[in-house]
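Provided herewith is a single structure, encoded as structure tokens, for subsequent inquiry.
Below, chains carry the letters A, B, ... as their sequence lines are ordered, and counting in each starts from 1. Predicted model, so just to flag it, every value in this text is computed and none were measured.
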Amino acid sequence: MDALPIGELAAPLAAAWGAASRLLLTAPTGSGKSTQIPQFLLDAGLAPAGQIVVLQPRRLAARMLARRVARERGVALGSAVGYQVRDEHVAGPHTRICYVTEGVLLRRLLSDPDLRDVAAILFDEFHERHLPGDLMLGLARALQARRPELKLLVMSATLDVSGVADYLAPAPLLQPAGRCHPVAIQYLERAAAGGRAPIWETAARALPALLAGVPEGDLLVFMPGAYEIQRTIEAFRGVGAARGFEVLPLHGRLSAADQDRAVSPGARRRIIVATNIAETSITIAGVRGVLDSGLAREAGFDPRRGIETLLVAPISRAAAEQRSGRAGRTAPGVALRLWTAREHEQRPAYTRPEIQRVDLAEPLLALKALGFARSTDFPWFEPPPPAALEQAEALLRDLAATDAAGRITSLGRQLLRFPLHPRYARLLLAAAETGCLPEATRIAALTQTRPLLPPARDPAVREARGALTDEPVPGDYALTLRGWAAATAQRYAPAFCQAIGLQAEAAREADRLAARFQVIARSAGLALDTPPATAAQIGRALLAAFPDRVARRCDQGSLRCELVHGRRGELARSSAVHHAPLLLVGEITELDDRHGGVRTLLSQATALETEWLAEARPDALRDEKEYRYDPRQKRVLLHLRRCFLDLVLRDQIRQDVTAAEAAPVLAQALASGALESAQWPEAITPWLARLESLAAWCPDWRLPTFDASARQTVLGAFCVGAVGARDLKDRKLLPCFRVWLGAAAVTVLEREAPTHFTLPSGRRRPIVYCPPQPPRLAATIQDLDGLQTTPRIAGRRMPLTIEILAPNQRPVQTTTDLDSFWRTAYPALRPALSRRYPKHRWP
DNA sequence: GAGCACTGC
């Protein structure tokens, strides 16, 4: 690694530092800026009082840099030079240079909004654009209004500097001469076999040419995930030119020992097949050639459906640059990209920053605590998508963390005491109410680490793990808690951990986290000395945090589930609760399937009893006086009832009343507290009796009139082009089909989704849709229009399922092949359907 | 082949 030419930079940096409060510096990763710039600022007296804080995206980097700078200056670590990461604080009152991870500074800001002891903030590796770094930059800029002497220096490698320069203006740009070795870039001459061949086959075909151009040193191959890495290694076995090479995998799920093996030099030349972990986190010495698949798994969040995504996508040009650079760290190198030069130009210039693609509830709550009641008040470097902000606002409202005007409540401030997503913080407060706080702190902790019990392929491990379920287990969290407790009892004996496949490292980290949550809980006055919790206590607490994650198994033969808000997915095969008809799922993730489409995986499931939904009482959700009579609390209750109605009534309603028609009516009538059961068909009266007891909780609500515009019509036939929406309305057709696209049921509303209903007194009450409601149907229909066989939403092919519905809305038949359905299956079925269900007008 | 890239308080 070459030293930064600090001498050439010293004069301009010193001059700019005096004149400007914000500066921008671009230099490649590993140029020495992270260690040299802070020392220069200190030695030149440019930060005479206060700390120079250097923000790092990773804990390991913060630790290593502090260690190195302390050594260079001959001081003890934690004295003049220190660091702070989540688990460690190695710094003191005399610390002048402090390396901290981005989240740590955000936390510090929450307890000390002026950061009085900080003289300068250096944003290192800012081009990585992690969410906390982005947020911190905006906060620091805003803070300069109160503390004009605070200096900001943004350091980045491949960032499009003009955007930051504009944001920080006036900010001088410093650009020292680069010192990297040249890397020759090669592209494929023709697109790989029409893009049809698996990426590992393309890689194996290209390997000999690359090896011929790299006579010495190791080779680094980038693949999107562990599965592709495995297939690549197998494919390389058949390549003659690779004989004599040691071929090793490298990804985050490997044990520390296996990762070390891939990083440390061996006797033979090596080919290391890695994920993105080798792009930024792990540096491998001696790499002279890079083979780049051009693919990466990219995390995202769809605010409309409230679903996380993890999909394989082409990397940006900047990321490809970063990957190629891995070949030129010690000597000139070669990089072969498995795409054409022409395709390269069509790739996005930069990876979408995190703030554009993740759930914003947690940062938004922090902003509100810091005085930015509305997200538009905040000086975003790049504002997040409005839909994501709306979703986050709605979630915070539903958790009672904010009031109707979007201001933080005292409950919201309580949530913020925990370094957790507001949902999990909410889980802890609810757990204190239901009496399962110790268990809940452990559940929250294990969601924040690597999986403690990752899915096992080894039959011996599976069998040993089976012993954990000798007694029935109410959920996947509960199963992990059981394995974790057993391992704790054995003091994490390696033999035991290995036998059940428990990741001791992750468990120890979770131990520390749970302990920390308990310290915070105790200081907040929450009761921790409770007897071992029952499944009901834990289930009810989980419901308060995840009211929109209730799911029901569609049938016993498959793992398909329906979720509230017209979503659905597939329960993870590895889940421990295959027996339960009603579930609460902790995670919903959309993943690639093997056909170029997607599937929605439901994991971390917990079995639910209908009674917990039906009998969830206001006091189970009570936190403090100000919420007891707050309408917002009723919203949560109303939502729970809707879950109940959606899922339970659908089985019970028959004959002429369809669930889609009845549910909103019932929900509103129910909320009114004055339901007259005589008005309803006999089949549903047993359920109404239970519902009436729910309604009794909110006696001040009155029966609303049912607004016909709220009636829903299933899109089905419209989508496949058989019947137009107008036909459905004019001819008063019952819905015959329901169409599922990915996780979302596509339905159409006759008008816009209603926002209010009217009480007999004439007063209007808002209808609150928990995220991600109501669906934006107009947009959905446009996306679908004209797409007969391979509907795409946002460029991604969505699995299409069509259900033929009986008048009671239960599916008669299901198909996934639209073409053959429409050509053969449906025409063959139609006569029978017409006889069986004459009420339908079958197209 | 069926969980799933990388981080972080």
Side-chain angles (χ1 to χ4, degrees), chain A residues 55-62 84-89 100-111 125 128-136 198 222-231 234 250-254 274-282 293 295-300 308-313 315 319 351 354 357-358 362-363 365-366 416-422 424-425 444-445 447-451 453-457 476 509 512-513 516-517 520 559 569-575 585-595 598-605:
Chain A
L55 290 187
Q56 289 297 321
R58 279 166 290 278
R59 287 186 228 164
L60 187 67
Q84 186 181 355
V85 297
R86 183 166 69 182
D87 289 327
E88 291 170 278
H89 189 175
V100 307
T101 36
E102 288 157 341
V104 167
L105 190 66
L106 257 174
R107 284 275 142 195
R108 222 197 257 184
L109 190 76
L110 282 171
S111 54
E125 312 282 4
E128 290 190 20
R129 296 296 305 278
H130 294 172
L131 176 56
D134 260 30
L135 205 64
M136 201 52 233
F222 282 102
M223 284 287 155
Y227 171 67
E228 291 84 357
I229 287 175
Q230 202 46 51
R231 299 302 296 257
E234 285 163 18
L250 176 61
H251 55 84
R253 287 283 174 98
L254 292 179
T275 59
N276 253 352
I277 198 170
E279 187 179 308
T280 48
S281 307
I282 294 182
S293 67
L295 300 172
R297 284 209 161 73
E298 195 180 83
E308 314 250 350
T309 58
L310 185 61
L311 303 169
V312 175
I315 61 167
T351 310
E354 218 174 44
R357 39 189 180 92
V358 299
E362 191 180 356
L365 187 60
L416 218 44
R417 298 176 71 152
F418 295 97
L420 281 167
H421 188 283
Y424 290 108
T447 65
Q448 307 299 303
T449 60
R450 295 243 169 90
L453 291 175
R457 208 170 297 166
D476 295 317
E509 189 177 357
R512 288 193 293 273
L513 276 173
R516 183 153 144 206
F517 299 153
I520 297 171
L559 293 168
E570 197 182 315
L571 182 62
R573 203 170 297 270
S574 59
S575 173
V585 295
E587 288 174 19
I588 310 179
T589 316
E590 191 169 87
L591 302 165
D592 293 280
D593 72 4
R594 66 196 130 160
H595 309 300
V598 295
R599 53 196 278 268
T600 306
L601 195 72
L602 311 179
S603 49
Q604 303 304 343

* To do: With the side chain of A/A572 defined as its heavy atoms from C-beta on, choose the nearest nucleotide among B/dG3, B/dC6, B/dA2.
  => B/dG3
* Asked: Which is true for A/A299 with a 4.0 Å heavy-atom rule: it touches a base, it touches only sugar-phosphate, or it touches nothing?
  ->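 The residue A/A299 makes base contact.
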* Expressed in angstrom and rounded to an integer, what is the separation of A/D134 atom CG from B/dG8 atom P? -> 17 Å
* **B/dC9 OP1/OP2 closer than 4.0 Å to side-chain N/O of A/R59** => yes
* **Nearest-Å distance for atom pair CD1/P, residues A/I229 and B/dC6** =>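 Those two atoms, CD1 and P, are 8 Å apart.
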* What does A/L310 touch in the nucleic acid at a heavy-atom separation under 4.0 angstrom: a base, only the sugar-phosphate, or nothing? ->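 Base contact - A/L310 has a heavy atom under 4.0 Å of at least one base atom.
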* Asked: Does any N or O in the side chain of A/T101 come within less than 3.5 Å of the main-chain N or O of A/R58, such that one atom is a donor and the other an acceptor?
  ->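 Looks like no, no N/O pair under 3.5 Å.
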* **Side-chain donor/acceptor contact of A/Q448 with base of B/dC9 under 3.5 Å** =>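 Side chain to base: pair found, below 3.5 Å.
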* Asked: Where the side chain of A/L601 is defined as all heavy atoms beyond and including C-beta, which of B/dA2, B/dT7, B/dG3 is the nearest nucleotide?
  ->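 When the side chain of A/L601 is considered, B/dG3 is the closest of B/dA2, B/dT7, B/dG3.
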* Under 4.0 angstrom, heavy atoms only, what part of the nucleic acid is A/R231 near: base, sugar-phosphate, or nothing? -> nothing
* A/R107, A/R516, A/R512 screened by side chain to side chain contact (heavy atoms under 4.5 Å, CB included) with A/R86, the one that passes ->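 By the side chain to side chain contact (heavy atoms under 4.5 Å, CB included) criterion, A/R86 pairs with just one of A/R107, A/R516, A/R512: A/R516.
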* Structure fact -> Residue pair A/T275/A/Y227 against DNA chain B: nearer the 5' end by closest nucleotide is A/Y227
* To do: Rounded to whole angstrom, note down the P distance from B/dG8 over to B/dC4.
  =>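 22 Å, rounded to whole Å.
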* To do: Give the rounded distance in Å between these two atoms: CZ of A/R107 and C1' of B/dC9.
  =>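 That distance rounds to 5 Å.
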* Remember a base hit wins even if backbone is also touched, and classify A/R516 as base, sugar-phosphate or nothing at under 4.0 Å, heavy atoms. =>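 Answer is sugar-phosphate: A/R516 comes under 4.0 Å of backbone atoms only.
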* **Contact under 4.0 Å: A/T101 side-chain N or O vs B/dC9 OP1/OP2** => yes
* Name the closest nucleotide to the A/R253 side chain, picking from B/dT7, B/dC4, B/dG3. => B/dC4
* Asked: Side chain of A/E362: nearest nucleotide among B/dG3, B/dC6, B/dG8?
  ->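 Selected nucleotide (nearest to the side chain): B/dG8.
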* To do: Determine the contact category for A/Q56: base if any of its heavy atoms lies under 4.0 Å from a base atom, sugar-phosphate if only primed atoms, P, OP1 or OP2 are that close, otherwise nothing.
  =>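 If one applies the 4.0 Å heavy-atom cut-off, A/Q56 turns out to touch nothing in the nucleic acid.
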* Identify whether any heavy atom of A/R450 sits under 4.0 Å from a base atom; if not, whether one sits that close to sugar-phosphate; answer base, sugar-phosphate or nothing. => sugar-phosphate
* Establish, with yes or no, whether the OP1 or OP2 oxygen of B/dC4 is under 4.0 angstrom from a side-chain nitrogen or oxygen of A/S603. => no
* Asked: How many Å lie between CD on A/Q84 and P on B/dG8, as a whole number?
  -> 14 Å
* Asked: Roughly how many Å is it from CG in A/L591 to C1' in B/dG1, rounded to a whole number?
  ->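 Interatomic distance, CG of A/L591 to C1' of B/dG1: 12 Å.
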* Asked: For A/P132, which contact category applies under a 4.0 Å heavy-atom criterion: base, sugar-phosphate, or nothing?
  -> nothing
* Which part of the nucleic acid, if any, lies within reach of A/E587 when heavy atoms closer than 4.0 Å are counted: base, sugar-phosphate only, or nothing? ->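 If one applies the 4.0 Å heavy-atom cut-off, A/E587 turns out to touch a base.
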* Minimum heavy-atom distance A/L250-A/I229, with the two atoms named -> O-CD1, 3.8 Å
* Could you tell me the separation between the CD atom of A/E354 and the P atom of B/dC6, rounded to a whole number of Å? => 14 Å
* To do: Can you tell me the distance, in whole Å, between the CE atom of A/M136 and the C1' atom of B/dT7?
  => 18 Å
